[in-house]
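Working notes, structure below.
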Amino acid sequence: MVRTRFAPSPTGFLHIGGARTALFSWAYARHHGGQFILRIEDTDVVRSTPEAVQAILDGMAWLGLDYDEGPYYQMQRMDRYKEVIQQMLAAGTAYPCYMSAEELDALREAQRARGEKPRYDGRWRPEAGKTLPQPPAGVAPVIRFKSPREGAVAWDDLVKGHIEFANAELDDLIIARTDGTPTYNFCVVVDDWDMGITHVIRGDDHVNNTPRQINILKALGATVPQYAHLSMILGDDGTKLSKRHGAVSVMQYDEDGFLPEAVNNYLARLGWSHGDDEIFSREQFTEWFDLDHITPSAAQFNTEKLLWLNHHYMKQMPPEALAARIAARLQARGIDTGKGPDLAQAVALYVDRCNTLNLLADALEVFYIDIHPSPELLAQHLSDEARPAIADFAVGLEQVAWETPAIAALIKATVARHGLKMPKLAMPLRVLLTGQTQTPSVDAVVTLIGRETALARLAPYRE
Ligand code: GLU
């Protein structure tokens, strides 16, 4: 049974990199009919916040990444970590170290002065035949893991291939602080063990933690999971993805008018591929997803491609479903879409021109509010030669059959009668009817607006 987990630290929003890790962990479990677990790594009490926990839960819900277990919170598992530390002390795989912070500083200083890498010298590490110093009175020790000194620790990373560290390179890691609280790597190990995680899929900023975690797992007699370390995501400009690149929080994409389908599809292709397929459904993704086709090189974020995917998903949505999303956005702006043209028809007419929900809402809101074309646009487009044609057109509108071909014929006849080129009438009509200069074909816009509103919007210009 495959069991994966997503283990974010709640110190900020759910960013794009975290979301991709969550998506891949989720997809791997779903592909194998396994289980996906959410674990909140909140032991950094200074930086962890309830708002950040909520942002993670919201982001995952928005992306539709459902979990089978959790969320577990590490802060609620302290007793368990302490229990395992006691077991390790009893088994001799961990030991108390009474070295003070000052002593440790002095040691590091001396090592640096000799040109050596600073590392713990093992002075409290118990060894056969070694006599340990007398524990100082009234000093609380840290607990260190008795890390193997010989040989190497290695794993076949499912993304990066074989990775090996010499044990001589690894310090005796502190697993509990003087106040007894367990440290980061130790909590991860106990959790992965207790939760029966079979595949650890995470960012490659954790590669250096993995040898320590594997050594502790082995000391506990635990089965070592398989590891897949995902390469980082770079911004459009090739530098590490950061706030500078705009929306890096998943929920910001929601706010900016992206569909979760598009963001999911986009994230799926950030480092993973299935042939040349760029567009695929969630079902196809979970059917195809594996760890063999994850690239070990960094993935580069491409906003244009995300927009292209978003537009694709908007266009393929049934207009009624898209209209429901636009209605929600317009309602949030205090606009009632109940009065005015049928929103699904409006959406169908405009969707080709707008690649985000926000742009679509921007374009469509003019049909549901009073509009006041700007004086600049009026001055620019409402020419003296256009005015009589507009008045004439309005007369025709009173009677014309309300369908696009008839309205198109009326526009044609009007420009012909007034000896105008089409844009001389079409542009001022756009401005008067929508306040905008960029619209779909003006006959379709007139049809959409409806006779009553069209006549009302032209009325002030009918002399
Ligand atoms: N809590 C860690 C992070 O947010 C992830 C730990 C892990 O996946 O092992 O970076």
Side-chain angles (χ1 to χ4, degrees), residues 2-29 34-60 63 65 67 69-78 81 145 153 155 157-160 163 165 173 175 181-217 220 222-233 240-242 248-250 267 271 291 294:
V2 164
R3 284 170 64 86
T4 64
R5 82 315 191 267
F6 176 49
S9 304
T11 56
F13 44 66
L14 178 60
H15 56 79
I16 285 294
R20 191 215 20 193
T21 301
L23 177 68
F24 284 12
S25 303
W26 172 87
Y28 194 70
Q35 280 160 349
F36 174 59
I37 293 147
L38 177 61
R39 178 168 89 218
I40 305 291
E41 303 204 322
D42 55 355
T43 56
D44 183 344
V45 289
V46 177
R47 294 176 62 225
S48 299
T49 65
E51 293 75 25
V53 172
Q54 196 55 49
I56 290 163
L57 299 179
D58 291 347
M60 292 186 65
L63 290 169
L65 303 181
Y67 34 91
E69 282 177 32
Y72 294 111
Y73 292 86
Q74 287 188 325
M75 285 307 283
Q76 293 172 10
R77 291 178 39 78
M78 285 296 148
Y81 306 135
F145 170 55
V153 52
W155 74 97
D157 196 275
L158 296 171
V159 174
K160 294 183 179 283
I163 300 182
F165 286 77
L173 189 75
I175 58 174
T181 57
T183 56
Y184 169 73
N185 275 293
F186 183 72
C187 298
V188 172
V189 163
V190 175
D191 286 350
D192 285 342
W193 179 33
D194 282 355
M195 295 171 195
I197 302 302
T198 59
H199 295 76
V200 171
I201 300 169
R202 63 184 173 199
D204 68 0
D205 46 331
H206 290 283
V207 164
N208 285 328
N209 290 327
T210 306
R212 304 173 195 285
Q213 294 180 5
I214 291 176
N215 278 339
I216 301 174
L217 283 162
L220 289 168
T223 309
V224 177
Q226 294 201 270
Y227 292 90
H229 287 96
L230 307 174
S231 297
M232 68 165 148
I233 302 172
K240 193 173 184 301
L241 191 66
S242 74
V248 286
S249 146
V250 167
L267 289 176
L291 298 172
I294 294 181

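Basis for what follows: all heavy atoms, side chains included, without hydrogens, waters or symmetry-related copies. All figures in this text were calculated on a predicted structure; none of them were measured in a lab. Counting starts at 1 for both ligands and their atoms, following the listed order.
Summarising the local packing, CE of Met232 is surrounded by 12 or fewer heavy atoms from other residues, nucleotides or ligands at distances under 6.0 Å.
Near Ser9, the atoms of ligand 1 lying under 4.0 angstrom from a non-hydrogen atom of the residue are 1 (N), 2 (C), 3 (C), 4 (O). Counting atoms of ligand 1 from 1 in the listed order, those under 4.0 Å from a heavy atom of Tyr184 are 1 (N), 2 (C), 5 (C), 6 (C). Of all the atoms in ligand 1, the ones that sit under 4.0 Å from a non-hydrogen atom of Glu41 are 1 (N), 2 (C), 5 (C), 6 (C).
In this structure the side chain of Ser25 never reaches within 4.5 angstrom of the side chain of His199, judged on heavy atoms.
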ask   = Which is it for Ser48 and Glu41 under the side-chain contact (heavy atoms from CB on, under 4.5 Å) test, yes or no, and what are the steps along the way?
value = CA-CA 9 Å; Ser48 299; Glu41 303 204 322; over 6 Å; no

inquiry  = Between Val248 and Leu241, is the side-chain contact (heavy atoms from CB on, under 4.5 Å) condition met? List the steps.
reply    = CA-CA 8 Å; Val248 286; Leu241 191 66; 3.9 Å; yes

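In this structure, the protein non-hydrogen atom closest to atom 10 (O) of ligand 1 is His206 NE2, 2.9 Å. Regarding atom 5 (C) of ligand 1, its nearest protein heavy-atom neighbour is Ala7 O, 3.2 Å. Of all protein heavy atoms, the one lying nearest to atom 8 (O) of ligand 1 is Arg5 NH1, 2.7 Å.
Heavy atoms of Pro8 found under 4.0 angstrom from ligand 1 belong exclusively to the backbone.
A salt bridge links Asp194 to Arg77: at least one charged side-chain nitrogen sits closer than 4.0 Å to a carboxylate oxygen.
A donor-acceptor pair shorter than 3.5 Å can be found between the side chains of Gln54 and Asp58.
Using a 4.0 Å heavy-atom cutoff, Phe6 is absent from the residues neighbouring ligand 1.
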